Each structure stands twice: as structure tokens, then as C-alpha cells.
Amino acid sequence: MRWSRQLLPTLREVPLEAEIPSHQLLLRAGLIRRLGAGLYTFLPAGLRALRKVERIVREEMDRAGALEVLMPALQPAELWERTGRLETMKDVMFHIGDRQERGLVLGPTHEEVITDLAAREINSWRQLPRTFYQIQTKFRDEIRPRFGLMRAKEFIMKDAYSFDADTEGALRSYRAMYEAYERIFRRCGLRAKAVEADTGAMGGKSSHEFMVLAESGEDGVIECDHCSYAANRERAEAREVAAAWPEDAAPMEIVPTPGARTIEEVSKFLDAPPARLVKTLIYLADERPIAALVPGDRGLNEIKLRQALGAAVVRLADDATIERVTGAPVGFAGPAGLQIPIVADWRLRGARGVVSGANRADAHVRHLDLARDVSADISWADLAFPRAGDPCPRCAEGTLRELRGIEVGHVFLLGTKYSEALHAEYLDEAGARKTIIMGCYGIGVTRTLQAVIEQRHDANGIVWPVTIAPYPVEILALNMQSPSCVAAAEAAETALAAAGIEALYDDRDARAGVKFNDADLLGLPYRVSIGDRSLGRGVVEIKRRADGRVTEVPPSELAATLATMIREEEARLSDGA
RNA sequence: CGGGGCGUGGCUCAGUCUGGUAGAGCGCCAGCUUUGGGAGCUGGAUGUCGUGGGUUCAAAUCCCACCGCCCCGACCA
């Protein structure tokens with residue numbers, strides 16, 4: 001492909017709309033363009049890379065024995081009613097109607113559709129296990145689309161669903177997908193890490209997320225520096241350790257703290273470290289007000305709170321409720337004197353000599369002793385987010401550290417949530433009716449593409465792995481005014497085509513510097529520079545984008561040399577070396 | 001949805017406070033020179049200043065409403 005006939009609009013300057021490197025590079029390298037918030041067009045080169053990711057996904061799904069299908073993106077709302085998700089997921093779904101005003105939704109995921117299919121088509125234990133997958137556009141009315149393809153309203157997902165006769169089988173299917181995912185990300189040149197995760201709206205029993213570690217990642221990842229424990233920050237467990245609270249027999253005392261509402265303000269005002277403050281948050285647990293207590297220097301994990309309370313929904317109480325239950329404006333709540341149930345993080349066990357709100361405007365208390373001064377019953381639970389430096393919940397020696405990650409894949413062991421609701425059942429060998437055990441497995445294909453750029457770029461541009469680069473090779477004619485240079489470049493183009501190597505030939509009548517910079521920006525793995533200088537010595541230059549290593553070869557050996565280089569790098573990526 | 005910011009040629013931005021001829025760099029087109037790391041010169045094209053309304057002799061600039069986009073939070077591949 002010649003650059004002059006391709007649409008590759010590279011940008012010199014960083015478009016205002018992009019914040020993180022991968023998003024900037026997608027735009028600058030001419031791979032995508034924005035249509036609206038969370039809506040992107042793939043330009044030819046971007047689409048080539050996307051198709052290569054899809055191909056790897058497809059190959060690995062097929063290798064794992066999964067069967068490809070294609071389900072409608074447009075789905076009857078009625079189907080979603082049957083699993084209850086029309087209600088629970090209504091905010092993320094696009095709802096539409098046809099001319100008969102039949103309710104339709106644009107599929108944000110496909111558990112309902114595939115389970116409906118399985119319910120109709122799978123009847124016997126002889127048909128199990130089966131895993132189906134598709135690569136298809138998903139629609140989600142994201143609260144806030146962001147970072148280009150990272151969180152879009154419309155994106156391409158590979159979703160797979162396993163159907164098994166029993167739990168052991170389901171675990172095998174889960175394992176097969178887990179291993180396929182490891183291979184997929186490795187082949188895409190990504191360092192991805194599987195971490196324990198929450199099941200969220202999907203439901204189910206257990207799950208792992210595949211995280212690409214990156215500064216710009218939207219998820220917090222906790223891992224142990226000693227053992228293999230790793231989890232999403234939301235899901236991460238903690239080992240209970242007794243805190244040593246200093247002796248403080250002084251009686252609780254109310255002190256005026258005009259205007260000091262936040263932890264920082266109170267901490268500053270009373271000259272007490274945040275760890276010596278008790279953060280009191282008023283929540284509505286299934287619409288019932290409760291107080292949740294965490295140390296002032298920790299965040300409260302609402303997922304843990306919900307689980308500790310056994311509630312379906314928890315949300316921060318509105319100002320009116322807070323004023324009613326604490327008798328004070330927002331910012332002055334404390335456990336002493338509260339008449340509502342209190343659940344406290346166990347890190348606060350034995351807390352004394354601490355500061356909290358006084359349940360009265362512009363006042364806090366100090367020398368609070370939770371056991372002595374709080375009359376309401378306190379139930380204890382793990383409510384706070386773990387953080388770097390905490391002890392590992394799994395091993396005795398380890399300390400946790402905190403990282404950021406991009407979630408590129410997620411595997412769930414679902415159980416029977418959908419198969420029960422949609423009657424996906426089979427007859428076992430004894431003729432007994434059983435419910436199928438399911439698993440579901442997603443990969444954000446478009447997100448994976450961007451994650452590769454996020455993880456593999458330098459100051460000059462993208463550093464593609466050969467496996468998903470739009471083209472593995474770029475031929476660069478350094479001087480289009482020199483007939484010998486052009487002739488050599490065209491010869492190289494022909495030779496590579498004959499060898500089955502896809503190459504982008506930069507035939508623009510531009511200065512060498514412009515082409516070099518665009519080549520670095522686009523980041524194709526092998527750059528072949530053809531100029532009269534090296535031609536005079538009887539060679540052309542091959543430069544690897546990843547490490548800048550230059551190899552000089554006679555033009556006659558160019559195709560064979562590149563073919564070997566490409567094959568070796570592909571092999572290296574599949575072996576994970 | 002709450003909070004913050006921004007909308008001026010294709011891109012990056014100045015001009016807005018203090019109303020008075022719409023600008024720069026890059027990109028684009030033509031020509032000449034140049035040709036191994038974003039060249040030089042000459043000439044040229046491109047703007048309903050997000051939209052609507054208002055104030056004013058006069059609005060990119062002041063006021064109101066709306067729309068769009070970006071960033072921070074509750075969601076997730």
C-alpha cells in the first residue's frame with residue numbers, strides 16, 4: 001500500500017480532546033477520528049490493527065474449542081425482563097422501539113440472548129459442554145465516556161459463554177477461557193495480569209479480570225510483593241490485625257470546629273492526624289439509614305459495605321436524611337449518640353483517644369472511646385479499601401502494593417443465574433432434568449487495541465508488536481526526486497509483496513525528516529530506509545522500531561531477512577518469552 | 001446527574017477582562033530552490049467566532065437560554 005493512496009492523516013500537534021498517551025497517539029497516527037462523545041470511526045490503518053486483534057482472539061477461541069456465532073445487537077426488551085436485568089441495567093442500556101412500539105434494547109452484553117438459544121437448542125447431556133463466542137459491537141450508555149476507545153458508548157467486544165452439566169465441568173471451561181486469554185494478550189504484545197474481581201451486575205460466583213498495568217488505568221489493583229495474590233482494589237481482602245491504640249483515659253470532650261467538615265479540615269483544625277479521626281458516613285441500605293465508620297485516612301468500599309449489611313443497594317444518604325438522623329448539618333456526624341445501626345471497620349476495634357463529629361453543627365468530639373462512649377451496638381466488618389503497606393491477606397510475609405490497571409478482559413463463573421431464569425435445562429444420563437451451569441467471558445477488543453498503545457509507546461510514537469501492527473513493514477523512500485531511490489523503493493515494494501509481506505510504502509514527495517517522524521509516530525515494527533547514500537554501498541537499512549537496532553542488507557536479501565525477523569518476533573510473542 | 005473547564009479556518013492557540021477592520025504558527029493549493037531526522041522564498045485558498053435571543057450606533061468580546069466537547073466522581077470490556 002502506498003502512503004499517497006492511503007488515508008493516513010497524521011497530526012503534528014496533540015488534539016485537545018485527548019488526555020492520555022494512547023488516545024493522543026490513536027488520533028495523531030491517523031488511526032481513529034471522533035464522531036461524538038464515545039463514538040469513533042476507525043480509519044483504514046486503525047481498522048487493520050483492530051482486525052488483527054480480532055484474528056488473534058478468533059484463533060485462540062477456536063483453539064480453545066469455542067464455537068463462533070453472531071447474535072443480534074438489537075434485542076427484545078421482554079427477554080431482559082425475564083432475568084430482571086431490564087430493571088437493574090436500565091441505565092446502561094439504550095432503549096428504543098420499532099414502529100409497532102415493541103420495546104427493543106441495544107445489547108450491552110448477551111447473556112440473555114445466548115441463554116435463550118441454549119434453552120431452545122440444548123436438551124441433552126450429550127450436547128454438553130459447549131462454549132459459544134462472538135465478536136460484535138456492544139452498546140452501553142456510559143455515564144461518562146472517556147479516553148477514546150477505553151470507555152466508549154459503542155465498542156467491539158468478544159463475548160463467550162460456556163454451558164456445562166456440572167460445576168466441575170464449568171470450572172474446566174472457565175480454566176480453558178482463562179488460559180486462552182493469557183495467550184491472546186501475550187500475542188498482542190501485552191503484559192496483562194489476572195486479578196481476583198467482583199462480579200458486579202453480571203452476578204455469579206467468582207471472577208478474574210485481566211489487567212494491563214498502566215498509569216492511566218481506571219482500576220486500582222492490589223498485589224502482594226511476596227505471594228501471587230492479586231485483586232481488584234474493590235474486591236481485595238484484608239488481613240485483620242489489631243491496631244495499637246494509645247492509652248487515653250480522658251473523658252470525651254466536645255470542641256468547636258467552625259466550618260471544619262472534611263477530614264483534612266478537621267485534622268488541620270484539631271492538629272490530629274487523619275488516622276486518629278473516625279470518618280462517619282451515613283448510608284441508606286435498602287432505604288434504611290445506617291452509619292458506617294472507617295478510619296479517617298481510609299476510603300470506604302461500598303461493595304464491602306453492601307455485603308456486610310446483606311443489602312441489595314447502598315447509597316450515600318441525602319443531606320436531609322443526614323440532618324434528620326444526626327441532628328447536624330453534613331460534615332459533623334459521629335457515632336456517639338446516634339440512634340441508627342452502626343457498622344464499623346474492624347481497623348477501629350478498640351479505638352480510643354480519637355476524633356469524630358459531635359452530631360451538632362460546627363463541633364467535633366475528641367478523646368472518643370468507641371467502646372466507652374457509643375451506646376448503640378456496633379457490628380464489625382472489613383469496610384475499608386486496602387492500600388500499599390497493608391499485610392497480605394494470603395501469606396504471612398507479604399506486604400501489599402497498589403497499582404493501576406486497564407481492564408481488558410473479564411471471566412466469570414456464573415452458575416445458574418441466567419439458565420434458571422430462562423429455563424436452560426438438560427436431561428442427564430438418568431433422565432433427570434438439570435439446570436445448565438454457565439460461565440461468561442469478555443474481552444474489550446477495541447479497548448485491548450488501545451491498551452497495547454498505552455503500554456507500548458515512547459516519546460516519538462507507537463511501538464507496535466508485529467502481530468497487530470497495521471502493517472509489519474514501512475518502506476521509506478528518502479528522496480522521491482532521485483530516480484535511483486524511487487526505483488529501489490519500488491523494487492522493494494514488489495519484492496515484499498511477492499514474499500507475502502504487507503508493507504506500507506511512504507512514497508510522498510516529502511523530506512526525509514517528515515517521513516522519519518511519521519514512521520516513528522505510526523510505529524510500524526520494521527522500517528526499511530532506502531536512500532542513495534546506503535544504496536551507494538549496495539545496501540538498504542532495516543530499523544526496528546522497538547529498540548532502534550539497524551540491520552543493513554543488500555536489496556536482494558531484503559524480503560527474506562524481513563520474513564525471518566517477522567516470523568521470529570511472532571514466535572517470541574506466542575511463546576511468551 | 002453533581003462539580004470544574006472549554007467552544008475563534010483542518011490542527012494548536014492569541015484576541016474576550018476594557019465592545020469599534022478577525023489574527024498567528026502548523027497544515028492545505030501553485031511556483032522556484034532544497035532533499036538521510038518535521039527546509040527556504042514567493043503567491044494563494046479556507047471563518048454563520050458552537051446555536052438562538054437580548055443590550056448597543058456597533059458584539060468573537062457584555063447579558064440570558066440552549067447545544068456540544070473535555071476533565072473530576074457514582075458504572076464497566
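Naming: A, B, ... by sequence-line order, numbering from 1 per chain. Just so you know, these numbers come straight off a predicted model, no measurement behind them.
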Would you indicate what Met150(A) reaches in the nucleic acid, counting non-hydrogen atoms under 4.0 angstrom: base, sugar-phosphate, or nothing? base
Let's test this: given Watson-Crick or G-U wobble pairing with both distances under 3.5 Å, identify the partner of G68(B). C6(B)
Can you tell me, in whole Å, how much space there is between the P of A24(B) and that of G47(B)? 14 Å
Quick one: which of C72(B), G36(B), U12(B) gets closest to the side chain of Arg146(A)? C72(B)
Which part of the nucleic acid, if any, lies within reach of Val445(A) when heavy atoms closer than 4.0 Å are counted: base, sugar-phosphate only, or nothing? nothing
Under 4.0 Å, counting only non-hydrogen atoms across every strand here, what does Ala451(A) touch: a base, just sugar-phosphate, or nothing? nothing
Report yes or no: is the cationic atom of Arg2(A) (NZ for Lys, CZ for Arg) closer than 6.0 Å to the six-membered ring centre of Tyr505(A), at no more than 45° off its axis? no
Write down the distance separating the P atoms in C64(B) and C26(B), rounded off to the nearest Å. 39 Å
Just call it for Ile143(A): base, sugar-phosphate, or nothing, with non-hydrogen atoms closer than 4.0 Å on any strand. base
Remember a base hit wins even if backbone is also touched, and classify Phe147(A) as base, sugar-phosphate or nothing at under 4.0 Å, heavy atoms. sugar-phosphate
Would you classify Thr448(A) as touching base, sugar-phosphate or nothing, given that sugar-phosphate means primed atoms plus P, OP1 and OP2, and contacts are heavy atoms under 4.0 Å? nothing
Considering only atom P, compute the distance from C29(B) to A45(B) and round it to an integer number of Å. 15 Å
Which is true for Gly409(A) with a 4.0 Å heavy-atom rule: it touches a base, it touches only sugar-phosphate, or it touches nothing? sugar-phosphate
Using whole Å, report how far CG of Asp509(A) lies from P of U34(B). 13 Å
Quick one: label Asp159(A) by what it contacts on the DNA or RNA (base, sugar-phosphate, nothing), any heavy atom closer than 4.0 Å. nothing
Quick one: do Arg186(A) and Glu182(A) make a salt bridge, cutoff under 4.0 Å? no
Against Arg233(A), only a single residue in Glu402(A), Glu209(A), Glu196(A), Glu407(A) fulfils salt bridge (charged side-chain N to carboxylate O under 4.0 Å, His left out); can you say which? Glu402(A)
Report yes if at least one side-chain N or O of Arg144(A) is closer than 4.0 Å to OP1 or OP2 of C72(B); otherwise report no. yes
When Val514(A) and Ala18(A) are each assigned the nearest nucleotide of RNA chain B, the 5'-most assignment goes to Val514(A)
Would you kindly compare Arg28(A) and Arg447(A) by the position of their nearest RNA chain B nucleotide and give the one closer to the 5′ end? Arg28(A)
How many angstroms lie between atom OG1 of Thr321(A) and atom CZ of Arg315(A), to the nearest 0.5 angstrom? 7.5 Å
With respect to the side chain of Ala37(A), which nucleotide from G37(B), C75(B), C69(B) is positioned closest? C69(B)
What distance, rounded to whole Å, do you find between the two P atoms, one in A14(B) and one in C62(B)? 15 Å
Is there a donor and acceptor pair closer than 3.5 Å between the side chain of Asp532(A) and the base of G36(B)? no
Considering only atom P, compute the distance from G25(B) to U18(B) and round it to an integer number of Å. 30 Å
Between C76(B), G36(B), C72(B), spot the one nearest the side chain of Ala512(A), thanks. G36(B)
Taking only the side-chain nitrogens and oxygens of Arg34(A), find out if one of them lies under 4.0 Å from OP1 or OP2 of C11(B). no
Sticking with atom P, work out how far G15(B) lies from C6(B), rounded to a whole angstrom. 12 Å
So Phe185(A) and Phe210(A), would you call those rings parallel, tilted or perpendicular, with 30° and 60° as cut-offs? tilted
For Arg33(A), report the nucleic acid contact type (base, sugar-phosphate, nothing); a contact means any heavy atom under 4.0 Å. nothing
Let's test your reading of the model: under 3.5 Å, does the base of G27(B) pair with the side chain of Glu13(A) as donor and acceptor? no
Which of these nucleotides, C75(B), G37(B), U35(B), is closest to any side-chain atom of Glu218(A)? C75(B)
Just name whichever nucleotide pairs with G73(B), Watson-Crick or G-U, keeping both distances under 3.5 Å, else none. C1(B)
Could you identify the nucleotide paired to C28(B), looking across every strand shown and requiring Watson-Crick or G-U wobble geometry with both distances under 3.5 Å? G44(B)
Select base, sugar-phosphate, or nothing to describe what Val92(A) touches, counting heavy atoms under 4.0 Å on all strands. sugar-phosphate
Rounding to an integer number of angstrom, what distance separates G43(B) and G38(B) when you compare their C1' atoms? 23 Å
Scanning all shown strands, the Watson-Crick or wobble mate of C17(B) with both distances under 3.5 Å is none
If you go through the side-chain atoms of Arg537(A), does one of them form a donor-acceptor pair with the base of G36(B) closer than 3.5 Å? no
So does Arg511(A) get a side-chain nitrogen or oxygen closer than 4.0 Å to the phosphate oxygens (OP1/OP2) of A39(B)? yes
Does Asp91(A) make a side-chain donor-acceptor contact with the base of C75(B), cut-off 3.5 Å? no
For U35(B), which nucleotide in any strand shown is its Watson-Crick or wobble partner with both distances under 3.5 Å? none
The nucleotide from C71(B), U12(B), G36(B) with an atom nearest the side chain of Pro15(A) is U12(B)
Table please: side-chain donor-acceptor pairs of residues 518-528 of chain A below 3.5 Å, with sequence neighbours left out.
{"from": "Asp518(A)", "atom 1": "OD1", "to": "Thr10(A)", "atom 2": "OG1", "distance (Å)": "3.1"}
{"from": "Asp518(A)", "atom 1": "OD2", "to": "Thr10(A)", "atom 2": "OG1", "distance (Å)": "3.2"}
{"from": "Asp518(A)", "atom 1": "OD2", "to": "Arg508(A)", "atom 2": "NH1", "distance (Å)": "3.1"}
{"from": "Asp518(A)", "atom 1": "OD2", "to": "Arg508(A)", "atom 2": "NH2", "distance (Å)": "3.0"}
{"from": "Tyr526(A)", "atom 1": "OH", "to": "Met565(A)", "atom 2": "O", "distance (Å)": "3.3"}
{"from": "Tyr526(A)", "atom 1": "OH", "to": "Glu569(A)", "atom 2": "OE1", "distance (Å)": "3.3"}
{"from": "Arg527(A)", "atom 1": "NE", "to": "Ser529(A)", "atom 2": "OG", "distance (Å)": "3.3"}

Indicate yes or no: does Lys417(A) engage Glu111(A) in a salt bridge with an N to O separation below 4.0 Å. no
Tell me which residues in residues 39-51 of chain A put a heavy atom below 4.0 Å from RNA chain B, sorted by number, or none. none
So what does Glu17(A) hit on the nucleic acid, given a heavy-atom distance under 4.0 Å: a base, only sugar-phosphate, or nothing? sugar-phosphate
Can you check whether Phe412(A) and Tyr174(A) have ring centres sitting under 6.0 Å from each other? no
Taking the six-membered ring for Trp and the single ring otherwise, decide whether the centroids of Tyr161(A) and His110(A) are under 6.0 Å apart. no
How far does the C1' atom of G52(B) sit from the matching atom of U42(B), given to the nearest Å? 44 Å
Which part of the nucleic acid does Leu16(A) contact within heavy-atom distance under 4.0 Å: base, sugar-phosphate only, or nothing? sugar-phosphate
Examine Arg48(A) relative to Tyr471(A) and say whether NZ or CZ is less than 6.0 Å from the centre of the six-membered ring and inside a 45° cone about the ring axis. yes
U55(B) pairs with, by Watson-Crick or G-U criteria that keep both distances under 3.5 Å: none
Nucleotide of G38(B), G36(B), A74(B) approaching Asn517(A) most closely (side-chain heavy atoms): G38(B)
More than 12 heavy atoms of other groups within 6.0 Å of Arg288(A) CZ: no
Base G36(B) paired with Lys543(A) side chain (donor-acceptor, <3.5 Å): no
Smallest heavy-atom separation, Thr467(A) atom then Cys188(A) atom, equals OG1-CA, 4.1 Å
Mind checking if Glu209(A) touches a base, just sugar-phosphate, or nothing, with heavy atoms under 4.0 Å? nothing
Measuring to OP1 and OP2 of G10(B), would you say a side-chain N or O of Arg12(A) lies under 4.0 angstrom away? no
Per atom distances to the Phe516(A) side chain, the nearest of C26(B), C75(B), G36(B) is G36(B)
